[in-house]
Undergrad: 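The following block contains the structure, expressed as structure tokens.
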Protein chains: 2
Amino acid sequence: MHILIVEDELGIVQFLQQGLQEEGYQVTTANDGSKGFELIQTQKFDLILLDWMLPKINGLDLCKAIRVKDQTTPIIFLTAKDTIQETIEGLKAGANDYIKKPFSFEELVERIKIHFRNQKGSEILTLGTIKIDSSKHVVFKNDEEVSLTQREFELLTYLVKNKGKVCTRNQILKDVWEINFEYDTGVIDVFMNAIRKKLNLKIEEDYIKTIRGIGYIANDL
Amino acid sequence: MHILIVEDELGIVQFLQQGLQEEGYQVTTANDGSKGFELIQTQKFDLILLDWMLPKINGLDLCKAIRVKDQTTPIIFLTAKDTIQETIEGLKAGANDYIKKPFSFEELVERIKIHFRNQKGSEILTLGTIKIDSSKHVVFKNDEEVSLTQREFELLTYLVKNKGKVCTRNQILKDVWEINFEYDTGVIDVFMNAIRKKLNLKIEEDYIKTIRGIGYIANDL
DNA sequence: ACTTTATCTTAAGTAAACATTAAGTTAACC
DNA sequence: GGTTAACTTAATGTTTACTTAAGATAAAGT
């Protein structure tokens, strides 16, 4: 789960980043509104924490800008403003939640969890920095989208689902290609090559290793 | 949209009921926890407003009891308690939001809307610059009306409702055409072609992408 | 170090899936 | 009952992915 923090006060940023990372989240930070906006254009986040008062683009405008393109990613405002009118403005701009400073870290974590539990099971498999979202049929490496064909996708998914276990060529042929008889073909090699190329995986010491004479194995490092 | 209010202070109940009804919501009330629990067993609500201090069963226990059976209906706590520890307890029990008394009616309404907009049928669906008004059965692209036939409309709506998720050909055939068996037909292609033509969507890099070998996916860009 | 064998890599041929058009069929409306 | 619009089927064209095959490279065995 990848969280973006857009906040200019360094103390708060560090406090949040450290705390959220300890909770197991991947955290990216931006110290002003326009930097935050840039990050959102290029990367995919699962949740956004937004300060109200920000240099360059303020939180409210940033929130509106995000919502033009993306209505789904949860946005939580962090703010010292505690007038009701401004709370309402934020919610109207498309925010999903609102926490007043000073807030307790525990409460923030609980509120974050609420938004994640609302996002129903989109089953995301991971292999190191590789993410596979089967409902979207999309693969990310370091949050960059990589386009795979049907077979490439199936093969990669198969290896990742069997992470840590050696998959023999015959098993792969049986489960991915549905070829149930002995058959000498080089198809697997060709697809492995394509996957490694597209995901930029080195043959030696990377997430997918070749077990000579047997097959392949996937592993987080 | 049907809202249940579980609250024992008569003044607040009346204030909320009247206000929410003016906003167009259907409102049902319960003045203690056990009565609220009974209502939930027998009726379906779209959102529940829950007081913390209640006769018979308190709000926290009621919340837990609801969540045993139903994990999805949004629950918002209304409470005078403002200690962080208790806020957290409420969220952990499965509540989705938390408003401290005294609260502004406007803020409450905005928070209610947040939970509804996360749910289904907000009547107007959007896909980038495409707007679908399902109640009026009308589609706009860049605010220009586009006339679609029944099936075209259903197919587009289906894809947009499942925005971000791949819809397989079989799913589409099942859910839009109500064909539940394997059947080789090219109907989907023909309608996709019609939709793309009418909405002027390019095959590459547009709101509706083809996932070769699987189906189609709609996405805001 | 040479041979053997397995895997990697590339390119070209083949097959499958999709896009597109037109014609045929059904259903709705006047 | 005739006419129109919508839906489906079928045929053709186009694109993309899959497979085969063959040469290059790397690992294991002698």
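Letters A, B, ... mirror the listed sequences (proteins, then strands); counts begin at 1.
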Undergrad: Quick one: which of dC7(D), dT10(C), dA16(C) gets closest to the side chain of N193(A)?
TA: dT10(C)

Undergrad: What is the distance, rounded to the nearest whole Å, between atom CD1 of I214(B) and atom P of dC18(C)?
TA: 9 Å

Undergrad: If you assign G213(A) and V190(A) each to the DNA chain C nucleotide with the nearest heavy atom, which residue ends up on the more 5' nucleotide?
TA: G213(A)

Undergrad: So, is W177(B) near the phosphate of dC7(D), with a side-chain N or O under 4.0 Å from OP1 or OP2?
TA: no

Undergrad: Is Q150(A) touching bases, backbone alone, or none of the nucleic acid, heavy atoms closer than 4.0 Å?
TA: sugar-phosphate

Undergrad: Could you tell me the separation between the CG atom of D206(B) and the C1' atom of dA19(C), rounded to a whole number of Å?
TA: 16 Å

Undergrad: As a test of reading the structure: which of dC7(D), dT9(C), dT20(C) is closest to the side chain of I203(B), going by heavy atoms?
TA: dT20(C)

Undergrad: Between the base of dA17(D) and the side chain of R212(B), is there a donor and acceptor pair under 3.5 angstrom?
TA: no

Undergrad: Between K202(A) (NZ) and dT7(C) (C1'), how many Å, whole number?
TA: 18 Å

Undergrad: How close or far is atom P of dA17(D) from atom CZ of F191(A), stated in whole angstroms?
TA: 10 Å

Undergrad: Between T185(B) and dT8(D), is there a side-chain N or O to OP1/OP2 distance below 4.0 Å?
TA: no

Undergrad: Using distance alone, with no hydrogens and no angle criterion, decide if R196(B) and T210(B) have a side-chain donor and acceptor under 3.5 Å apart.
TA: yes

Undergrad: Please state how far atom CG in L148(B) lies from atom C1' in dA5(D), giving the value in whole angstrom units.
TA: 15 Å

Undergrad: Check the phosphate of dA19(C) against T210(B), side-chain N and O only, distance under 4.0 Å to OP1 or OP2. Yes or no?
TA: yes

Undergrad: Are Q150(A) and E154(A) close enough that a side-chain donor and a side-chain acceptor fall under 3.5 Å?
TA: yes

Undergrad: Using a cut-off of strictly less than 4.0 Å, decide whether K197(B) has a side-chain nitrogen or oxygen near OP1 or OP2 of dA19(C).
TA: no

Undergrad: Side chain of R169(B) only, please: which of dT9(D), dC7(D), dA19(C) is the nearest?
TA: dA19(C)

Undergrad: Go through R111(A) and Y98(B) one step at a time and tell me if the side chain to side chain donor-acceptor pair (under 3.5 Å) criterion holds.
TA: CA-CA 10 Å; R111(A) 286 193 178 270; Y98(B) 207 94; over 6 Å; no

Undergrad: Quick one: which of dC7(D), dT7(C), dT20(D) gets closest to the side chain of R151(B)?
TA: dC7(D)

Undergrad: Do the side chains of E144(B) and K141(B) get close enough for a salt bridge, i.e. N-O under 4.0 angstrom?
TA: no

Undergrad: Can you tell me the distance, in whole Å, between the CE atom of M192(B) and the C1' atom of dC18(C)?
TA: 11 Å

Undergrad: Does a side chain donor of either Y207(A) or N219(A) reach within less than 3.5 Å of an acceptor in the other side chain?
TA: no

Undergrad: Using 0.5 Å steps for rounding, measure from the CG atom of L159(B) to the CD1 atom of I172(B).
TA: 5.5 Å

Undergrad: When we call it a touch if two heavy atoms are under 4.0 Å apart, what does Y216(B) touch: a base, just sugar-phosphate, or nothing?
TA: sugar-phosphate

Undergrad: Using atom CG of D184(B) as one end and atom P of dT8(D) as the other, report the distance to the nearest whole Å.
TA: 15 Å

Undergrad: The side chain of Y183(B) lies closest to which of these nucleotides: dC8(C), dT9(D), dT19(D)?
TA: dT9(D)

Undergrad: Can you tell me how far C1' of dC18(D) sits from CD1 of I188(A), to the nearest Å?
TA: 14 Å

